[in-house]
Amino acid sequence: MKDEGQRGFIPMEWQKRTKYCGEVSVKDAGKEVVLNGWVNSRRDHGGLIFLDLRDRTGVVQVVINPDNKDSFPLAQRVRSEYVLAVSGKVSKRPKGTENENIATGQVEVETSALQLISKSKALPFELDEADKVDERTRLQYRYLDLRRPAGYMALELRHKVVQRVRNFLNNQGFLEIETPDLTKSTPEGARDFLVPSRLQAGHFYALPQSPQLFKQILMVAGFEKYYQLARCFRDEDLRADRQPEHTQIDLEMSFVKKDDVINLSEQLLAETFLEIGQKIEVPLKRMCYGDAIKYYGNDKPDTRFDLLLSDVSDIFTKSEFKVFANVIKNGGVIKGLKIDKASSLTRKKFDEYTDYCRGLGAGGLVWMVIDNEIKSPVAKFLSAAEKKSLINSFEANPGDVIFLVADKTEVVNQVLGSFRLLLAEEFKLIKPGFHLLTVIDFPMFEYDEEEKRLKSHHHPFTMPTEDSLDLLDKDPLLASANAYDFIINGVEVGGGSLRIFDPKLQEKIFGLLGIAKQEANDKFGFLLKALDYGAPPHGGVAFGLDRLVMLLAGRQSIRDVIAFPKTQAGTDLMTNAPDIVSDKQLKELRLKTE
RNA sequence: GGAGCCGUAGUGUAGUGGUUUAACAUGCCGGCCUGUCACGCCGGUGAUCGCGGGUUCGAAUCCCGUCGGCUCCGCCA
């Protein structure tokens, strides 16, 4: 068997596989097969060479005997990750040489012909140790990273989840419809990615943050049930669970009530969990937004563990302890959480926690070790009655530790909400498995301190509840929305709402958001216009496919379930995007760079 | 915009009370080996310690800056 021919190229003809490596079994014993794949490893015994040949289905052992005068010399020159075609006979392995660790360990392929299809340089990292390798090297050589079973399986799972979603929605009567990626920049929401227009010099498309407006217009168009696996773009900073482009399972339905959308969403989620063999009971547990904030400090409660926040402001309304009293006088709150049997915590650890909470914006962190009495730096400032009330309130027992934060309500919730996660991890309180939750009863608006105006909590097209209509004028911050979020293990995987289908109400909401009539018409005029032509009641939901698959795959980052993800600085280390472009390109677009 | 952690042969680590031939494992190259499967054994190759500057007789080690990667805050309707 030759490798490189006269022209210096490897011959183009090669034997096509008759079987996949991972599927060779005892049943094939005695049969001739051809395998194609990569050399996973090579074990050269001098007089006998073993190769583990790998394709996407698995590995199988290939044996090359020295009496095979064509193949043996080639086998000696073969290296890791060479691509080969192997012809040979499947045989049961000699007694005592079976390998229980691999699926094909009972058999091997006795090579009759070995053919080199493609060579490989020595790899920049060893595939079976990739878990430990710096992520930047793996991203640079993403094709090698993905060649690992773990890489393959993550994307295979993603594929299967997508197929389930499509099947489920198709069976429910949904139509998959694509909407534009080159569209119009709209105010509100995230920063847009812009695309300069050549034909309309000086004008810009924006990449969609979501297909929100298009799907609503599809409802006006009468499609009734739409879905799409939509790529969404947001030019904001990245996180482990945030990429500048991500994929949403986006859907919208007409003539539905809130519970119709929630029920379908929960069924859809449950359907995806079947892919990993998990039966999820629907309907899911539901929690109102107010309780989520009150007990968990945020609107995406991690319900894998308790450690609930408790408001103890009442105990300190008349406290001699000025720090607490002042916070309450200024409208703030004192909340805390109790952790069982934590008296082994060191002073150093308490300082660490204090720094952590300060870093999140708290003025400080009060800690108390419960013994026969309370041990705490602030114990001397508290009255006996206050101490007793605290212990009662937290139902604290000797050995427990109480942490308190006093500040503005939002600060307290945010700090304790994060701190609770840290403690749960450190004390190993997190129960295994998946804990799904639907959060309902969101407020319509929140107040933006910086811009001194109302902002939508969900988005500007969210339908207020009927009860809230009167509040829009009186006290819009109390108005609640027909919106819902879906939370798994503290990760927001989806959310949606009923939409406004009355153009008058939509204009009213824009007004409350401080979007002038002129601007509303410039930016959203096409939607308002569409609503004028017989808009059905409608609502929908969007799930973050990347986050969902991340959870199903048990990974910590969505980068693991995206084929070619970007770094925290928004770069692609494999392609080196983003990159500078030629002057010619800039000129055509009438763009100048500094 | 901000905070923290990290950066030493291809890869993963060790080495920082200032002076080392910068160590170990693995990979890679060569040799031996007919039942291995993380094959084994022998030998070899490979790092001016991310980059720049400073302190010093002397810096991988201390200081400053910078670049890159990760985590987080802000931001993400």
Side-chain angles (χ1 to χ4, degrees), chain A residues 40-53 59-67 72 76 79-81 93-102 104-105 108 120-141 144 186-192 209-210 212-213 232-244 246 352 355-362 411 414-415 418 421-422 442 444-446 448-450 454-462 481 483 492 495 497 509-510 513 515 542 544 556-557 559 566-569 571 573:
Chain A
N40 202 54
S41 65
R42 170 173 165 276
R43 294 177 293 282
D44 183 346
H45 288 246
L48 185 68
I49 295 173
F50 297 101
L51 299 176
D52 286 345
L53 199 69
V59 292
V60 67
Q61 173 163 285
V62 167
V63 194
I64 304 101
N65 273 294
D67 48 5
F72 198 76
Q76 286 179 310
R79 292 294 178 267
S80 287
E81 301 303 316
R93 293 195 188 188
K95 264 220 169 68
T97 65
E98 300 90 348
N99 184 353
E100 301 296 334
N101 298 321
I102 60 173
T104 60
E108 60 191 11
S120 172
K121 287 186 178 178
L123 264 42
F125 58 92
E126 288 154 79
L127 298 191
D128 53 357
E129 287 178 7
D131 287 344
K132 298 173 198 156
V133 174
D134 193 319
E135 196 171 352
R136 98 187 80 151
T137 311
R138 291 166 42 205
L139 288 174
Q140 228 164 29
Y141 297 93
L144 299 179
T186 52
E188 301 285 294
R191 191 176 296 110
D192 283 322
Q209 296 175 30
S210 85
Q212 182 60 36
L213 300 174
C232 302
F233 305 87
R234 293 170 190 180
D235 188 7
E236 299 291 351
D237 286 3
L238 290 81
R239 291 282 192 282
D241 63 353
R242 275 162 41 186
Q243 285 272 308
H246 77 285
E352 220 178 279
D355 287 345
Y356 176 83
C357 292
R358 285 209 174 112
L360 290 171
V411 174
Q414 207 231 314
V415 170
S418 301
L421 295 175
L422 180 76
F442 282 88
M444 275 293 283
F445 307 103
E446 52 204 38
D448 187 318
E449 294 284 351
E450 252 176 56
L454 293 181
K455 283 209 158 176
S456 293
H457 188 273
H458 186 52
H459 62 49
F461 317 104
T462 304
E492 184 193 328
S497 62
I509 299 296
F510 283 151
L513 292 170
I515 300 172
Q556 302 296 314
S557 164
R559 293 190 298 277
K566 293 182 176 57
T567 67
Q568 194 160 47
T571 61
L573 295 179

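Excluded from the calculations below are hydrogen atoms, water molecules and symmetry mates; all remaining heavy atoms, backbone and side chain alike, are included. Below, chain A is the first sequence line, B the second, and so on; all start at residue 1.
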I'd like to know if Arg242(A) and Asp237(A) make a salt bridge, using a cut-off of under 4.0 Å between side-chain N and carboxylate O. no
Sticking with atom C1', work out how far U55(B) lies from C67(B), rounded to a whole angstrom. 23 Å
Heavy-atom donor-acceptor pair, Arg93(A) side chain to Gly105(A) backbone, under 3.5 Å: yes
Can you establish whether the number of heavy atoms outside Tyr141(A) located under 6.0 Å from its atom OH is more than 12? no
Rounded to whole Å, please give me the gap between CG in Asp134(A) and P in A9(B). 11 Å
Would you find a donor on one side and an acceptor on the other, under 3.5 Å apart, between the side chain of Glu98(A) and the backbone of Gly96(A)? yes
Picking from U34(B), G69(B), C28(B), which would you name as closest to the side chain of Ser80(A)? C28(B)
Is there a Watson-Crick or G-U wobble partner for A3(B) with both distances under 3.5 Å, and if so, which one is it? U71(B)
Reading 5' to 3' through nucleotides 70-76 of chain B, protein heavy-atom contacts under 4.0 Å coded B for base, S for sugar-phosphate only, - for none: BBBBBBB
If the C1' atom of G31(B) is compared with that of G50(B), how far apart are they to the nearest Å? 37 Å
If we take the P atom in both G58(B) and U19(B), what is their distance in whole Å? 14 Å
Across all strands, who's sitting opposite A59(B) as a Watson-Crick or G-U wobble pair, both distances under 3.5 Å? none
Measure from the side-chain N and O atoms of Asn65(A) to the backbone N and O of Asp67(A), and report whether any donor-acceptor pair falls under 3.5 Å. no
Searching all strands shown, indicate the nucleotide that pairs with U20(B) (Watson-Crick or G-U wobble; both distances under 3.5 Å). none
Does Ser80(A) have any side-chain contact (heavy atoms from CB on, under 4.5 Å) partners at least two apart in sequence or in another chain, and if so, which? none
When the nearest nucleotide of RNA chain B is assigned to Gly47(A) and to Phe461(A) on a heavy-atom basis, which residue is associated with the more 5' position? Gly47(A)
If you compare all heavy atoms of Leu360(A) against all heavy atoms of Gln414(A), which two are closest, and at what distance to 0.1 Å? O-OE1, 3.8 Å
What are the two closest non-hydrogen atoms of Ile509(A) and Pro460(A), and how far apart are they? CG2-O, 3.6 Å
Are Leu127(A) and Glu81(A) packed together at the side-chain level, in the sense that at least one heavy-atom pair is separated by less than 4.5 angstrom? yes
Taking the basic N atoms (NZ, or NE/NH1/NH2) and the acidic carboxylate oxygens, is any pair closer than 4.0 Å for Arg191(A) and Glu236(A)? yes
Pick the closest RNA chain B nucleotide for Leu573(A) and for Thr137(A) by heavy atoms, then say which residue is nearer the 5' end. Thr137(A)
If we ignore hydrogens and angles and just use 3.5 Å, is the side chain of Thr104(A) paired with the main-chain N or O of Val59(A) as donor and acceptor? yes
With sugar-phosphate meaning primed atoms plus P, OP1 and OP2, does Thr571(A) contact a base, only sugar-phosphate, or nothing at under 4.0 Å between heavy atoms? sugar-phosphate
Could you tell me whether the side chain of Glu126(A) has a donor or acceptor atom within less than 3.5 Å of a complementary atom in the base of G12(B)? no
At under 4.0 Å between heavy atoms, which parts of nucleotides 37-52 of chain B does protein reach? Answer with one letter per nucleotide, 5' to 3': B base, S sugar-phosphate only, - none. B-B-------------
Separation of G10(B) P from Arg136(A) CZ (nearest whole Å): 13 Å
Atom NZ of Lys132(A) to atom P of A25(B): distance rounded to whole Å? 15 Å
Length of the line joining Asp131(A):CG and U11(B):P, which is rounded to integer Å: 17 Å
Mate of A14(B) across any strand shown (Watson-Crick or G-U wobble, both atom pairs under 3.5 Å) is none
Indicate whether Phe50(A) forms a stack on U36(B); treat it as stacked only if centroid distance is below 5.5 angstrom and interplanar angle below 30 degrees. yes
Please work out if Pro124(A) contacts a base, only the sugar-phosphate, or nothing of the nucleic acid, heavy-atom cut-off 4.0 Å. sugar-phosphate
Rounding to an integer number of Å, can you tell me how far Leu123(A) CG sits from C28(B) P? 9 Å
Between U20(B) and U61(B), how many Å separate the two P atoms, rounded to a whole number? 13 Å
Integer angstrom distance from the P of G65(B) to that of C28(B): 42 Å
Contact class for Pro66(A) (heavy atom, under 4.0 Å): base, sugar-phosphate, or nothing? base
Could you tell me how far apart Phe125(A) (CZ) and C28(B) (P) are, to the nearest whole angstrom? 14 Å
Rounded off to whole Å, could you give me the CG-to-P distance for the Leu422(A) and G4(B) pair? 17 Å
Could you please spell out the steps behind the side-chain hydrogen bond (donor to acceptor under 3.5 Å, both in side chains) verdict for Gln209(A) and Asp192(A)? CA-CA 7 Å; Gln209(A) 296 175 30; Asp192(A) 283 322; 2.6 Å; yes
Euclidean distance for P, C33(B) against C51(B) (whole angstrom): 44 Å
Select base, sugar-phosphate, or nothing to describe what Glu108(A) touches, counting heavy atoms under 4.0 Å on all strands. base
Between G44(B) and G15(B), how far apart are the C1' atoms? Round to whole Å, please. 24 Å
Using both distances under 3.5 Å as the test, list the Watson-Crick or G-U wobble partner of C29(B), or none. G43(B)
For nucleotides A23(B) and C76(B), find the distance between their C1' atoms and express it as a whole number of Å. 47 Å
